Amino acid sequence: MPSAPVSLPPLPLLHERVSGWYAEAGRTHLPWREPDCSAWGVFLSEVMSQQTPLSRVEPAWREWMRRWPTPADLAAAPPGDAVRAWGRLGYPRRALRLHEAATVMVQRHGGEVPSTPEELLALPGVGAYTAAAVSCFAFGIPEVVVDTNVRRVLARTLEGKAFPNPTLNRAEMVLAAESMPADRDTANTWNVAVMELGALVCVARGPRCDDCPVADLCAWNVAGRPAYDGPPRRGQAWHGTDRQVRGELLRRLREAHHAVPLSGLEDSADDRVQVMRCLDSLVADGLVEPLSRSRYRLPA
DNA sequence: CACTCGTGGAG
DNA sequence: TCTCCAAGAGT
């Protein structure tokens, strides 16, 4: 059970303040927030935004929507085109899963994005967050949408903690569900508004409590913003990791628009054994296609 | 549950 | 410079 403060902020007031703030300060101009944006556009934005800042997502999203305006358009393209168009958004397996998801939409959903969380969860690359977000933002279904921003805002306002624990647990989902407005439309607005508050004001480093609409209601702020004291949050190693080498290999294959000989890849890192291991893992993931034992390309 | 999987901007 | 971390998912 989360250690809730002695008195929780009155939820209706919290809802009103956060939603009011969103109407004033939210990035309502983002293309996937336009009322006429298709469900496919919303779906695409959610997958692209997994672990990638929106500022980098928007240009790629516009290009993808211009090129593949429907699931069928993407499904008809070679998966390698999706991987190349993914560019430097990071975690390129997301591009592959997006292509697979588009294929499933064509094969089993009449070329449409499914609307229920259950159907969405069955799609590759879609987890609890994305399923809830697409249901809510594209179809107006008031699911419990919990991402890193929501987790942080709730940890602070309701639990009085600087950060949530490293892993999302059941108690947190219950807390998020209980903090939602009962009314459908109000709940949908709350979902996007609280997420936006976490993205713009209640940020991880250097939260701008002076600009926060609920600073006077926030358990963490009222308590004097005590430092995080939970279990250590693991950092992300980078230099010398397989991720770095995989990234370098894929960068070369993206930029070459034809098959690349092994000689053009093997110096992607100092350790040749590591390079070959990473190349094999990219092939196993379906991100790279071996034409022979010595020529590689993005999958056709 | 703990770990892996890219990339780049901010402080 | 270096650390942190971002609309997470899959194993």
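Keep in mind it's a predicted model, so treat the numbers as computed, not measured. Order of the sequence lines sets the chain letters (A, B, ...), proteins ahead of strands, with each chain counted from 1.
- Base contact: Arg234(A) has a heavy atom under 4.0 Å from a base atom.
- For Phe43(A) and dG8(C), the CZ to P distance is 15 Å, given to the nearest whole Å.
- Taking all atoms of both residues into account, the shortest heavy-atom contact from Arg56(A) to Leu89(A) is O-CD2, 3.5 Å.
- Residue contacts for Asp285(A): at a heavy-atom cut-off of 4.0 Å it reaches no nucleic acid atom on any strand shown.
- Side-chain proximity of Arg88(A) to the nucleotides dG8(B), dA7(C), dA6(C) is greatest for dG8(B).
- When each of dG8(C), dC5(C), dA7(C) is scored by its nearest atom to the side-chain atoms of Trp32(A), the top-ranked nucleotide is dA7(C).
- OP1 or OP2 of dT3(C) has not a single side-chain nitrogen or oxygen of Arg233(A) nearer than 4.0 Å.
- Heavy atoms of Gly247(A) sit under 4.0 angstrom from primed sugar atoms or phosphate atoms, though from no base atom.
- You'll find that the side chain of Trp238(A) is closest to dT7(B), out of dA7(C), dC5(B), dT7(B).
- Counting non-hydrogen atoms under 4.0 angstrom, Pro92(A) reaches the backbone sugars and phosphates but no base.
- The nearest heavy atom of DNA chain B to Leu168(A) and to Arg251(A) marks one nucleotide each, and the one closer to the 5' end goes with Leu168(A).
- Rounded to whole Å, atom C1' of dT7(B) lies 12 Å from atom NE2 of His239(A).
- Side-chain atoms of Arg243(A) stay outside donor-acceptor range of the base of dT7(B), with no qualifying N/O pair under 3.5 Å.
- A donor and an acceptor atom never sit less than 3.5 Å apart when one is taken from the side chain of Ser55(A) and the other from the base of dG9(B).
- Map Thr167(A) and Gly87(A) each onto its nearest nucleotide of DNA chain B; the residue landing nearer the 5' end is Thr167(A).
- What separates CZ of Arg56(A) from P of dA7(C) is a distance of 10 Å, to the nearest Å.
- Residue Thr52(A) has no polar side-chain atom (N or O) positioned under 4.0 Å from OP1 or OP2 of dA6(C).
- Of the options Leu262(A), Asp242(A), Leu249(A), a side chain to side chain contact (heavy atoms under 4.5 Å, CB included) to Val275(A) is made by Leu249(A) and by none of the others.
- Rounded to a whole Å, the CG atom of Asp147(A) is 7 Å from the P atom of dA7(C).
- Between Gln51(A) and dA6(C), a side-chain N or O to OP1/OP2 separation shorter than 4.0 Å is absent.
- Two residues are said to be in side-chain contact when any heavy atoms from C-beta on lie closer than 4.5 Å; Trp86(A) and Leu96(A) fail this criterion.
- Using a 4.0 Å heavy-atom criterion, one finds that Val47(A) contacts no nucleic acid atom at all.
- Looking at which nucleotide of DNA chain C each of Gly235(A) and Tyr91(A) is closest to, the 5′-most match is held by Gly235(A).
- In this structure, the nucleotide among dG8(B), dA7(C), dC5(C) sitting nearest to the side chain of Arg205(A) is dC5(C).
- Side-chain contact annotation: Thr52(A) with Arg94(A), donor-acceptor N/O pair under 3.5 Å present.
- Across the protein-nucleic acid pair, Leu253(A) atom CG and dG6(B) atom C1' stand 15 Å apart, rounded to whole Å.
- The side chain of Arg97(A) has dG10(C) as its nearest neighbour among dA7(C), dG10(C), dC5(B).
- Residue Gln236(A) is in base contact, counting any heavy-atom pair closer than 4.0 Å across all strands shown.
- If you take atom C1' in dA7(C) and the same atom in dA2(B), they sit 23 Å apart, rounded to whole Å.
- Atoms OH and OG1, on Tyr22(A) and Thr189(A) in that order, are 8.5 Å from each other to the nearest 0.5 Å.
- Counting non-hydrogen atoms of neighbouring residues, nucleotides and ligands closer than 6.0 angstrom, the NE2 atom of His257(A) exceeds 12 such neighbours.
- In this structure, Leu121(A) atom CG and dA9(C) atom C1' are separated by 11 Å, rounded to whole Å.
- For the pair Pro53(A) and Pro124(A), both in contact range of DNA chain C, the more 5′-proximal nearest nucleotide belongs to Pro53(A).
- Put simply, the side chain of Arg94(A) and the base of dA6(C) share no donor and acceptor less than 3.5 Å apart.
- Spacing of C1' atoms, dC5(C) relative to dC5(B), comes out at 15 Å, to the nearest Å.
- For the P atoms, the distance from dT11(C) to dG6(B) is 14 Å, rounded to whole Å.
- Nucleic acid contact for Arg152(A): sugar-phosphate only, since backbone atoms but no base atoms lie under 4.0 Å from a heavy atom of the residue.
- Nucleotide dG8(B) holds its P atom 9 Å from the CG atom of Leu89(A), rounded to whole Å.
- Among the atoms of the strands shown, none is found under 4.0 Å from any heavy atom of Ala133(A).
- Within the nucleic acid shown, Arg254(A) comes within 4.0 Å of sugar-phosphate atoms alone, with no base atom in reach, counting heavy atoms only.
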| request: Please assess Tyr129(A) against Glu46(A) for the test side chain to side chain donor-acceptor pair (under 3.5 Å), listing each intermediate value before the final yes or no. | output: CA-CA 9 Å; Tyr129(A) 163 75; Glu46(A) 292 302 336; 2.6 Å; yes
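- Here Thr130(A) lies in heavy-atom contact (under 4.0 Å) with sugar-phosphate atoms only.
- Rounded to whole angstrom, the span from the CG atom of Asn165(A) across to the P atom of dG8(C) amounts to 17 Å.
- Residue contacts shown for Gly127(A) are limited to sugar-phosphate atoms, with no base heavy atom under 4.0 Å away.
- Figure legend: Arg156(A) and Phe163(A) shown as a cation-pi pair, the cationic atom lying under 6.0 angstrom from the six-membered ring centre and within 45 degrees of its axis.
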